[in-house]
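Comments concern the structure below.
Here is how names work: the chains are called A, B, and so on, in the same order as the sequence lines, proteins then strands, and each is numbered from 1. Computed over heavy atoms, backbone and side chain alike; hydrogens, waters and symmetry mates excluded.
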Amino acid sequence: MKRNRDLEKSYSPEGIEQKWYDDWISKDLFVAKTVNSPQDGAPSPKGHFSIVIPPPNVTGSLHMGHAFNNTFQDILCRTRRMQGYDVLWLPGTDHAGIATQNVVERDIEKGGATRHSLGREKFVQKVWEWKELYGNRIIKQMKRLGNSCDWSRERFTLDDGLSKAVREVFVRLYKKDLIYKGKYIINWCSRCHTAISDLEVEYEDVNGKFYYVKYPFADGEGAKDDGIIITTTRPETILGDVAVAVHPRSENSRFVGRKVRVPLTGRIVPIIEDNMVDPEFGTGYVKITPAHDAVDYLVGKRHDLEQLQVIDSKGIMNENALSYQGLTIEEARKKTSEDISKLGLMVKVEEIIHSLGHCQRCRTTVEPFLSEQWFVRTKPLADRGVKVVKDGLIKWFPEQWEKTYFQWMENVRDWCISRQIWWGHRIPAWTCQDCGHITVYENDPAECEKCGSINIVQDEDVLDTWFSSALWPFSTMGWPEKNPDLEYYYPTSLMVTGFDIIFFWVSRMIMMGLEFMDEVPFKDVYIHSLIRDEKGHKMSKSSGNVIDPLDMIDKYGADGLRMALAALSTQGRDILLSSSKIETFRFFMNKLWNAARFALMNLDDEKKEIIFSDLRLHDRWILDRTQDVIESTTKLIDEYNIGEAARSLYDFVWGDICDWYIEMAKPSLHGDEGDKRRNASQAVLEHVFHSVLLLLHPFTPFVTEELWDAFGYGEKGCGKPIVISEWPVRDECFRFESSKNEMIFLQETVRVIRNLRAEAGLTPQQLVNSVYIQTENKEYSDILASNKSQLAMLCKVKDIEFMSDAGEKKTGGCLSEVTAFAEIYLFVGDILDIDSEIKRLEKDMEALQKNLSVNLSKLGNESFISRAPAEVVEQERQRSIEAQAQIERIKNNMESIRRL
RNA sequence: GGGCGGAUAGUUCAGCGGAAGAACACCUGCCUUACACGCAGGGGGUCACAGGUUCGAACCCUGUUUCGCCCACCA
């Protein structure tokens with residue numbers, strides 16, 4: 001083994017991370033196998049493990065959510081790669097229609113341009129330029145995190161291949177009547193100037209006014225009841241009223257069939273009955289405005305009412321709004337309410353808090369708006385999506401999310417997929433100007449498929465971004481073409497994402513995957529929690545509480561950040577992150593580094609075999625623990641419980657290896673117990689580090705690769721990089737069950753003695769001459785007796801005495817503590833000072849040496865030898881030998897005390 | 001209105017049927033040749049409340065209180 005013992009005294013990630021990432025990339029270690037191709041050959045007997053990354057927005061930059069999500073996926077991919085699976089982690093980015101368009105619009109505004117002043121073609125060109133400039137930023141950031149993605153397969157949702165898939169899907173769905181075009185009430189953002197889907201509307205409580213308005217009877221019968229009172233929050237929509245509704249079984253239903261006069265417009269409208277009215281709410285009378293309210297729209301449909309539009313797509317009152325034409329919604333609201341008051345029809349106005357929809361992208365209030373849009377008929381697709389989960393073909397982690405999914409899927413409504421923006425996949429539909437027929441086709445058609453006219457124009461709208469995202473698991477692998485990747489890596493193994501996009505994305509991928517691949521898009525879905533700031537608030541630029549993962553990588557290293565994210569994660573609870581929490585794990589990287597440094601300082605180049613007869617308790621214990629950790633880590637990762645996996649590795653390294661094993665192995669590593677023991681400890685240490693580096697690699701790829709190399713396991717030592725080294729498995733040879741309990745005896749005793757020492761106020765320089773242990777437990781006393789030197793090492797005690805009754809010792813200056821196994825006594829008077837102990841020994845030695853030199857001079861004197869009797873000479877000779885031995889012993893003694 | 005999740009040490013959270021744990025923070029000692037990004041020790045908890053199941057409950061069941069989140073056609 002070629003060891004590198006020349007490690008820095010503390011771990012600094014700079015340089016190391018970049019070095020290894022470049023190395024991995026240059027060796028194509030993340031490039032997935034193209035199975036059955038001439039260069040890659042047959043698939044692994046283990047099979048495949050594939051993940052498609054949730055594609056981040058091209059204009060975005062890496063935030064903590066991405067960092068967490070990507071770390072999770074990377075841990076799985078790296079583990080599976082080491083386990084011998086054919087791993088594909090497919091990366092890419094999303095064109096993010098409205099979001100990106102908004103960003104670029106804001107950018108060109110600085111130069112005084114608008115998208116309309118540029119025109120469609122030029123504007124789209126601008127967005128592409130933007131994408132070329134900044135679209136790569138997030139990819140670079142992912143690389144710094146250590147993502148082991150196959151960058152050779154990187155995709156973008158507007159790539160040619162993916163665009164082709166989008167068209168194919170659109171056409172097939174249209175032909176199956178699963179896509180249709182129609183005039184419906186949709187959510188309209190007057191700022192983005194486009195329709196948005198139900199999911200893109202976010203409801204928020206806002207202050208508003210609740211107007212009580214009287215609608216007089218118009219049929220002359222109501223002499224006594226001169227009218228009814230409706231309630232509304234939007235008086236400007238009174239201009240579009242075409243009816244008033246009551247609940248059929250309410251008190252108010254007695255007026256059904258009568259007519260009232262709508263204020264301002266003077267329109268005579270009927271009172272109708274509809275179940276949608278809550279008789280308990282407001283006055284129990286609801287004005288019906290089918291063109292400007294989603295509920296009213298449905299009521300209008302049921303009762304065949306006119307859809308009277310009074311507001312246009314820009315949020316301006318239109319020609320139907322009489323004198324209010326040209327006003328904005330806000331202006332019209334003020335004016336109409338004033339005018340109603342003037343007419344004496346405003347009964348009262350209340351302040352209320354009500355929930356209002358806002359555009360997810362720009363926070364503008366969303367208006368219900370009647371317009372012609374494209375929709376996906378979702379129900380038939382959803383039914384299948386529900387079934388596969390019920391049948392267990394897709395498993396959710398944590399399981400509870402399954403319910404959320406079912407709830408949405410079982411009540412799913414048609415999906416509005418057309419957007420009145422320019423950045424995205426343009427809808428492949430052409431309307432014939434002559435016959436009005438709509439031609440929907442994969443390739444741009446030259447003529448109307450019905451009448452053959454060449455006078456056809458393509459639909460102006462583009463598709464919802466999520467339409468292309470829904471195809472991501474198979475469109476990225478080449479669909480609709482047949483392709484070895486698609487055949488081998490689809491369905492993917494796992495989807496990792498946040499709960500916020502279960503409806504937007506996960507459910508739609510399931511529906512599309514089933515429709516077009518006839519198979520689920522992934523077998524497991526892992527829904528992770530949200531990252532929040534330390535106070536539990538959502539991180540956002542506006543509140544200034546963002547912890548930038550790139551800053552954290554600069555400060556603490558990618559490994560520290562990754563370990564923190566992994567270890568802090570728990571199932572089903574949000575993660576409250578702070579810089580200091582990440583720091584804790586940076587310290588862990590240093591601890592690992594130094595433990596490895598210690599090991600390297602104590603290992604020879606030659607690799608030692610583990611010889612069982614030379615092992616002592618702590619050796620057997622750490623070998624046994626290592627096997628347990630190998631097994632449990634593997635199991636936890638299989639269950640996607642990376643939080644527990646990371647935490648248990650942390651505890652194992654810090655608590656078991658550093659705090660106990662290394663401390664206990666020091667005497668033998670220093671050679672105090674002879675060569676055999678030194679070899680044994682070296683062999684054990686090597687095994688432990690070899691295993692733990694492998695186990696930690698998915699979590700902290702960079703340090704582990706660096707240390708792997710330093711131990712000589714990497715290419716310099718004629719091995720392989722850790723990235724592609726074999727994942728460890730439990731070695732049954734190293735199962736030492738009894739070591740677990742025996743070690744507990746020892747640890748418990750050490751803790752108690754240390755505790756007693758602290759109670760007695762002893763300094764580290766003070767040596768306890770002896771502790772007395774009273775116990776009936778033979779096994780316990782045997783274990784302690786055979787580990788005296790470790791005990792001395794760990795708690796600075798010279799000797800242990802066992803006794804059945806310590807009664808006579810319990811006088812003055814005695815401290816004691818009872819444990820589960822024994823009662824332990826320490827006498828405050830029975831303390832040796834290390835320095836004076838050494839002085840005492842030095843004195844002894846001096847005296848001995850004096851005697852010895854006298855002896856030796858006698859033996860060197862010829863007249864003494866010739867005159868003295870033979871037995872006296874022999875006696876003197878014996879004495880000198882004894883003295884020499886004793887000096888040797890005292891020397892050793894001094895050495896070991898000095899070490900304490 | 002429906003659904004989901006949380007309530008455990010000062011703080012952030014693990015634990016989810018068998019003697020209350022970690023990390024920060026706090027207090028006391030220590031620069032002991034792997035590590036002060038460290039070592040050793042310490043204080044601190046009716047595990048939200050009330051019932052129940054069990055030999056045994058922080059953990060299971062039933063309520064209650066309370067804080068979040070998601071969905072839904074309260075105009």
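- Applying the side-chain contact (heavy atoms from CB on, under 4.5 Å) rule to A:Lys555 yields the partners A:Ser579; only residues at least two apart in sequence or on another chain are considered.
- Distance noted for atom P between B:A58 and B:A20: 8 Å (whole Å).
- Distance from the side chain of A:Thr584 is smallest for B:A23 among the nucleotides B:C35, B:A23, B:C73.
- Spacing between atom CG of A:Leu756 and atom P of B:G42 amounts to 10 Å, rounded to whole angstrom units.
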* Asked: How does RNA chain B read in dot-bracket, base by base from 5' to 3', with Watson-Crick or G-U pairs under 3.5 Å and | used when the partner is on another strand?
  -> ((((((((.[[[[.)..(..]]]].(((((.......))))).....[[[[[..)....]]]]])))))))....
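- B:C27 sits 43 Å from B:C61 when the P atoms are compared, rounded to a whole Å.
- Side-chain contact, A:Asp604 with A:Gln682: a donor N or O sits under 3.5 Å from an acceptor N or O.
- Listed nucleotides B:G41, B:A75, B:A34 differ in distance to A:Asn594; the shortest reach to its side chain belongs to B:A34.
- Of all the heavy atoms in A:Ala665 and A:Ser668, the pair that sits closest is O-OG, 3.0 Å.
- Here B:C73 presents its C1' atom at 13 Å from NE2 of A:His247, a figure rounded to the nearest Å.
- In this structure, A:Gln400 and A:Thr570 both approach RNA chain B, and ranking their closest nucleotides by distance from the 5' end singles out A:Gln400.
- Among all heavy-atom pairs drawn from A:Arg3 and A:Phe711, the shortest one is NH1-O, 2.9 Å.
- Nucleotides B:U53 and B:G44 place their C1' atoms 33 Å apart, quoted to the nearest Å.
- Of the two residues contacting RNA chain B, namely A:Asp198 and A:Tyr285, the nearest-nucleotide position lying further toward the 5' end is that of A:Asp198.
- B:C73 atom C1' lies 16 Å from atom NE2 of A:His354, rounded to whole Å.
- The side chain of A:Asn755 lies closest to B:G41 when the candidates are B:G41, B:A34, B:A75.
- One can place CZ of A:Phe689 at 13 Å from P of B:A34, the figure rounded to the nearest angstrom.
- Checking A:Ser580 against A:Glu583 by side-chain atom types alone, no donor-acceptor pair falls below 3.5 Å.
- As rounded to the nearest Å, B:U8 and B:A48 have C1' atoms that lie 10 Å from one another.
- The aromatic rings of A:Trp401 and A:Phe499 sit parallel, their planes meeting at an angle under 30°, below the 60° perpendicular limit.
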* **CA sep, side-chain torsions, deciding dist, call: A:Tyr405, A:Trp396, ring-ring contact (aromatic ring centres under 6.0 Å, His included)** => CA-CA 10 Å; A:Tyr405 169 79; A:Trp396 292 71; 4.9 Å; yes
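- As rounded to whole Å, 5 Å separates atom P of B:C73 from atom CZ of A:Arg413.
- Separation of the P atoms belonging to B:U32 and B:G38 is 16 Å when rounded to the nearest angstrom.
- The CG atom of A:Leu568 sits 9 Å away from the C1' atom of B:A23 (whole-angstrom rounding).
- Taking atom CD of residue A:Glu236 and atom P of nucleotide B:A75, one finds them 14 Å apart after rounding to whole Å.
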Dump every N/O contact between nucleotides 7-12 of chain B and the protein below 3.5 Å, one line per pair.
unit_1, atom_1, unit_2, atom_2, d
B:A7, OP1, A:Arg573, NH2, 2.8
B:U12, O2', A:Lys581, NZ, 2.4

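- When rounded to the nearest whole Å, the span between CD1 of A:Ile353 and P of B:C74 equals 17 Å.
- Side-chain atoms of A:Gln407 stay outside donor-acceptor range of the base of B:A72, with no qualifying N/O pair under 3.5 Å.
- Taking the P atoms as reference points, B:C39 lies 10 Å from B:C24, given to the whole Å.
- Between the side chains of A:Asp241 and A:Tyr215, a donor-acceptor pair is found at a separation under 3.5 Å.
- Distances were taken from every side-chain heavy atom of A:Trp654 (C-beta onward) to each of B:C39, B:C13, B:A75; the shortest belongs to B:C39.
- Put simply, the side chain of A:Thr265 does not reach to within 4.5 Å of the side chain of A:Leu308, judged on heavy atoms.
- In this structure, a donor-acceptor pair under 3.5 Å is present between the side chains of A:Tyr212 and A:Glu350.
- Atom name C1', nucleotides B:A19 and B:C13: the rounded distance is 23 Å, in whole Å.
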